[in-house]
Amino acid sequence: MSAGLYFSHPACLEHDPRVHSPAHPDTPERLITLERALAERGWLGWERRQAPPASETQLELVHSAGHVRAIMDLCAAGGGAIDPDTFVGEASFRAALHAAGAACAMTGALLAGESRVGFCGVRPSGHHAERERAMGFCLFNNVAVAAATAIAELGLRRVFILDWDVHHGNGTAEIFRERPDVLFASIHQAGLFPGTGPLQDAGSGAGEGYTINLPVPAGSEEPLWLALLERVVLPAAVAFEPELVLVSAGFDAHVEDPLADCRLQTRSFVEMAGRVRDMALAAQIPVGVVLEGGYNQRVLAECVCATLPALAGEGQAPSGRTAPAQDPGPITARALEQVGRHWPL
Ligand SMILES: [Zn+2]
């Protein structure tokens, strides 16, 4: 049995915002560098699979038909700007279909018991895309399409989505804002694009309590991120009793990322992955990870190469590996108080 399942598709390399915005940070080279590094390491023992395109039915579980058609039509017409950050070319629709399709196919394979862990090395990323709106480099919300598909087509009752990209996963949060069957938790740098995701926003209506927003200040380091994950996010996730964990995995909280100001190290992502893996192992549920941001190519490749073995449970023992996260102070205390209104922390 392989260490895990790695989903990708060559179409994801054809999406290139630089056609319209020459200095755009979301380049195909992000994936090329990552996959070269993985190939040099024998893909870390992971089985590679080609991602199918998402179906219209799958996309329309979280997007309007009008949004899907608007992206298709704009690309077919040669592409252009959607907003000051988000650009498409002719090939972008196909790239986005396979990016969302990767997340769905991974989820299907995990739930069929083919592996305990999967990773989608795809772009464009997805977590900023809302039901009716592409934004922040994202066209379709890959992780949301996968979660909704798991519920609508594969019969799951509860899916937990962790978003550790440094930017708030506003699209995922809005799509599931009123739903109690998806627990969404995001740790993100406060004040950074897109500016959403305050601690007080816990979702709405039937979904109140099922959104966990944990903004952290610029300059935040590993102890705070780990404390929030270990003391707030994961205890709530355990209480939620999910049947699947999906991770919106951006690596742009790394100290060397050019787009943000957090100070995680490569090993910080290994630590986070290890804690998520331990939670999933204890609950006997699979973990599917979907690439989001990460704009220093070398660092992105290094982080993914280090994180995949941790997700697969290699290296340190699954329990007692590391000391519990230290309490870094008032931010964790406020998060415990806020999230503790809804979950037994
Ligand atoms: Zn990001």
Side-chain angles (χ1 to χ4, degrees), residues 12 15 17-18 21 23-31 33-34 82-87 95-96 99-100 103 119-130 133-144 161-175 184-198 212-222 224-225 228-229 233 246-266 268-269 272-273 276 289-304 307:
C12 294
H15 167 64
R18 290 174 302 183
S21 174
H24 202 283
D26 179 19
T27 64
E29 284 76 13
R30 294 174 58 231
L31 275 191
T33 304
L34 163 59
I82 292 173
D83 66 26
D85 299 309
T86 314
F87 302 87
F119 186 91
C120 296
V122 295
R123 52 185 291 285
S125 50
H127 72 150
H128 295 306
E130 297 183 354
R133 181 160 69 147
M135 63 181 277
F137 315 167
C138 302
L139 305 180
F140 302 136
N141 194 316
N142 306 322
V143 88
I161 301 176
L162 167 64
D163 187 325
W164 76 41
D165 188 281
V166 77
H167 302 95
H168 179 233
N170 62 292
T172 318
E174 288 309 318
I175 284 166
F184 174 72
S186 175
I187 307 176
H188 47 273
Q189 184 183 324
L192 202 62
F193 178 90
T196 47
I212 297 174
N213 283 312
L214 302 172
V216 299
S220 292
E221 299 184 345
E222 180 181 308
L224 176 57
W225 281 71
L228 291 173
L229 182 64
V233 173
L246 293 173
V247 182
S248 265
F251 295 88
D252 41 9
H254 194 283
V255 63
E256 292 186 70
D257 193 273
L259 294 199
D261 313 293
C262 279
R263 301 187 57 82
L264 297 190
Q265 308 288 330
T266 299
S268 312
F269 293 98
M272 291 200 290
V276 172
V289 179
V290 182
L291 180 64
E292 301 282 0
Y295 301 97
N296 177 323
Q297 286 170 35
R298 177 184 56 77
V299 163
L300 173 61
E302 181 185 293
C303 284
V304 174
T307 299

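Every number for a ligand or one of its atoms is a count from 1 in the order of the listing.
- Gln265 contributes no side-chain N or O that, together with a main-chain N or O of His254, makes up a donor-acceptor pair within less than 3.5 Å.
- Protein N/O/S atoms closer than 2.8 Å to the Zn ion (ligand 1), listed by chain and residue number, are Asp165 OD1, Asp165 OD2, His167 ND1, Asp252 OD2.
- Between Glu292 and Ser125, the closest heavy-atom pair is OE1-CB, 3.3 Å.
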Verdict with supporting geometry, Arg18 and Glu29, side-chain contact (heavy atoms from CB on, under 4.5 Å) = CA-CA 11 Å; Arg18 290 174 302 183; Glu29 284 76 13; 2.9 Å; yes
Could you walk me through whether Asn141 and His127 pass the side-chain hydrogen bond (donor to acceptor under 3.5 Å, both in side chains) test, one step at a time?
-> CA-CA 5 Å; Asn141 194 316; His127 72 150; over 6 Å; no
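- With values rounded to the nearest 0.5 angstrom, His128 atom NE2 is found 12.0 Å from Leu139 atom CG.
- The distance between the ring centers of Phe193 and Phe137 does not fall below 6.0 angstrom.
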